[in-house]
Amino acid sequence: MGVTTSDISRNECMLTGKLAHQGYDWWWHSFTARHEVTGEEKPFFIEFFLCNPELAGPEPTFGLGPDGTRGSQRPSYLMVKAGCWGEDARQMHRFFPWKDVDVTWGAPYCVQADDCLACETDLIGSVNVTAEDAAAHPEWMCDAGSMAWDLRLDKQITFNVGYGASQPLRAAQMFEMFWHAEGIKTKVSGTVVLDGQRYVVDPETSYGYADKNWGSNFTTPWVWLSSWNLVSNLTGQRLKNSVFEIGGGRPVIAGVALPGKLLGCMVYEGREFEFNFSKPWTGSKTVFDCREEDDQVVWHVMQQTRDARMITDITCPKSEMLKVNYESPDGLKRHNNLWNGGTGVGRIRLFQKVKGEWELIDDIRAANIGCEYGEYDR
């Protein structure tokens, strides 16, 4: 199975066994649109987050209490998260009790509640949070605003992490946090209306992305970088069949933490390069330094196998990012400083080994980078 092998069975809902009462499952989508009048570019994100179906009540149950501190319950709901990045970056949440949620258990996946729907090819929905409600309900963990969307998804390139999310490990629920990225290059088309302003999504400039995570807890540190808006600094040409992806941090398998582990790939004009610690025969190793500075977040990642090396340097201004909010299935909110953005920029240098020496394949300029970094509260 290759790094770009599509596998929609990994995209199905995984909340069975112990994860039914101590688990989450989410489908994340991000993309760029343009204002239909001004042409202003705007990056958006939409996520469907499911949690603890066996603990379902007649209404959504929150781990946080109404004062925004830890409550006495574990969360159980569908949370539809939608928002944007940029100078007015925000996240808006809409919650549904499980009795109002229709889930397809199997592949292809489908999650639907009222006018909100997520599946392999379609993403439809709306969220509306008033300033008064956002202030009165800190347990909602969100900002004020309204957003509606009607989108088509064309997932063109997959990042398949291989054995780490294979059926045996999924069945045994070995990892605390699993990952599958069915659409690291997803052409998105349709429309978004944000606070009454209409944006149009062109598939060729959507720089769309779709993945999913599931498990019983999150990772710390949490690292994510991805984009297919790539231009060669050597030739000046746009790389039309290329995309890069990096994610991970500190996976926990069977209760054992594996610090300093990132998964990554570069599809360079159709040629696949993979950096995967679960494939030791490739000689894969990673060194990374991610940090928060006064006005920006910085990522430096060096990944290498016996035959290839990728050096990635990315920055994103904090003024265009937000601190993304989630509750863990046990009701704790451990990530309170998880920086999340969609306007990262940077440089990627890709090398191959030729006769024992590292030879530069390309020096790449990247933009519209989805990016994330944060650690649990200490």
Side-chain angles (χ1 to χ4, degrees), residues 7-20 22-30 45-53 75 77-82 91 93 103 107 109 111 118-120 123 141 153 155 158-167 169-184 186 208-226 245-253 257-258 261-265 276-278 324-330 332-335 338-342 370-376:
D7 185 354
I8 62 171
S9 71
R10 301 181 181 214
N11 246 14
E12 63 188 39
C13 186
M14 303 293 183
L15 295 182
T16 61
K18 68 180 181 182
L19 295 185
Q22 183 67 28
Y24 66 89
D25 199 348
W26 83 58
W27 296 262
W28 169 271
H29 314 80
S30 54
F45 58 88
I46 298 164
E47 178 183 49
F48 280 51
F49 178 103
L50 290 169
C51 192
N52 290 341
Y77 47 64
L78 161 64
M79 177 177 72
V80 177
K81 176 193 288 285
Q91 58 194 314
H93 296 165
V103 178
Y109 91 96
V111 179
C119 65
E120 292 289 355
L123 197 58
M141 309 174 293
L153 309 175
K155 299 176 182 178
T158 295
F159 177 35
N160 189 317
V161 304
Y163 185 68
S166 63
Q167 200 283 327
L169 267 67
R170 297 199 308 267
Q173 300 178 345
M174 293 290 288
F175 280 97
E176 276 193 354
M177 187 175 190
F178 287 87
W179 183 33
H180 177 66
E182 182 65 22
I184 59 174
T186 297
Y209 177 89
D211 75 355
K212 74 169 299 190
N213 287 98
W214 69 96
S216 59
N217 211 337
F218 308 131
T219 189
T220 182
W222 188 325
V223 178
W224 170 60
L225 298 164
S226 188
E245 172 86 325
I246 296 170
R250 184 175 175 267
V252 177
I253 180 169
L258 306 175
K261 301 295 185 183
L262 297 182
L263 298 164
C265 77
N276 190 331
F277 67 87
S278 72
V324 68
N325 290 327
Y326 301 101
E327 297 178 309
S328 298
D330 62 5
L332 291 175
K333 188 175 185 294
R334 295 179 174 87
H335 271 297
L338 182 54
W339 288 97
N340 172 276
C371 49
E372 207 157 32
Y373 170 68
E375 297 188 41
Y376 284 161

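The shown structure was predicted, so the numbers you read here are calculated from the model rather than taken from an experiment.
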Can you tell me how far [atom2] of [Y] sits from [atom1] of [X], rounded to the nearest 0.5 angstrom?
{"X": "Glu327", "Y": "Leu332", "atom1": "CD", "atom2": "CG", "result": "9.5 Å"}
{"X": "Met174", "Y": "Ile253", "atom1": "CE", "atom2": "CD1", "result": "4.5 Å"}
{"X": "Met177", "Y": "Asn213", "atom1": "CE", "atom2": "CG", "result": "4.0 Å"}
{"X": "Asp330", "Y": "Ser216", "atom1": "CG", "atom2": "OG", "result": "9.0 Å"}
{"X": "Asn160", "Y": "His180", "atom1": "CG", "atom2": "NE2", "result": "5.5 Å"}
{"X": "Asp7", "Y": "Thr158", "atom1": "CG", "atom2": "OG1", "result": "8.5 Å"}

Where do [X] and [Y] come nearest, in terms of heavy atoms and distance?
{"X": "Pro329", "Y": "Cys51", "value": "CA-SG, 4.0 Å"}
{"X": "Leu169", "Y": "Gly164", "value": "CD2-O, 3.9 Å"}
{"X": "Arg10", "Y": "Ser166", "value": "NH2-CA, 3.8 Å"}
{"X": "Ser9", "Y": "Met14", "value": "O-CE, 3.6 Å"}
{"X": "Leu19", "Y": "Asn52", "value": "O-OD1, 4.4 Å"}
{"X": "Ala107", "Y": "Glu12", "value": "N-OE1, 3.4 Å"}

So [Y] and [X], do their side chains get closer than 4.5 Å, heavy atoms only?
{"X": "Trp28", "Y": "Phe49", "answer": "no"}
{"X": "Lys212", "Y": "Asp25", "answer": "yes"}
{"X": "Pro251", "Y": "Phe277", "answer": "yes"}
{"X": "Cys13", "Y": "Trp27", "answer": "yes"}
{"X": "Tyr77", "Y": "His93", "answer": "no"}
{"X": "Tyr109", "Y": "Ile8", "answer": "no"}
{"X": "Asn340", "Y": "Gln91", "answer": "no"}
{"X": "Cys265", "Y": "Ile184", "answer": "yes"}

Could you work out, with side-chain hydrogen bond (donor to acceptor under 3.5 Å, both in side chains) as the rule, every residue matching [X], not counting sequence neighbours?
{"X": "Thr220", "answer": "none"}
{"X": "Asn325", "answer": "Lys333"}
{"X": "Thr186", "answer": "none"}
{"X": "Glu47", "answer": "Trp26, Tyr326"}

Can you list everything that forms a ring-ring contact (aromatic ring centres under 6.0 Å, His included) with [X]? Sequence neighbours excluded, please.
{"X": "Trp339", "result": "none"}
{"X": "Tyr209", "result": "Trp224"}
{"X": "Phe178", "result": "Phe175, Trp214"}
{"X": "Tyr376", "result": "His335"}

The criterion is salt bridge (charged side-chain N to carboxylate O under 4.0 Å, His left out); which residues satisfy it with [X], sequence neighbours excluded?
{"X": "Glu182", "result": "none"}
{"X": "Glu375", "result": "Arg378"}
{"X": "Lys261", "result": "none"}
{"X": "Asp211", "result": "none"}

Can a donor-acceptor pair be found, under 3.5 Å and without considering hydrogens, that links the side chain of [X] to the backbone of [Y]?
{"X": "Arg250", "Y": "Thr219", "value": "no"}
{"X": "Asn217", "Y": "Ser328", "value": "no"}
{"X": "Gln173", "Y": "Thr16", "value": "yes"}

Full working for side chain to side chain contact (heavy atoms under 4.5 Å, CB included) between Phe159 and Leu263 | CA-CA 10 Å; Phe159 177 35; Leu263 298 164; 4.1 Å; yes
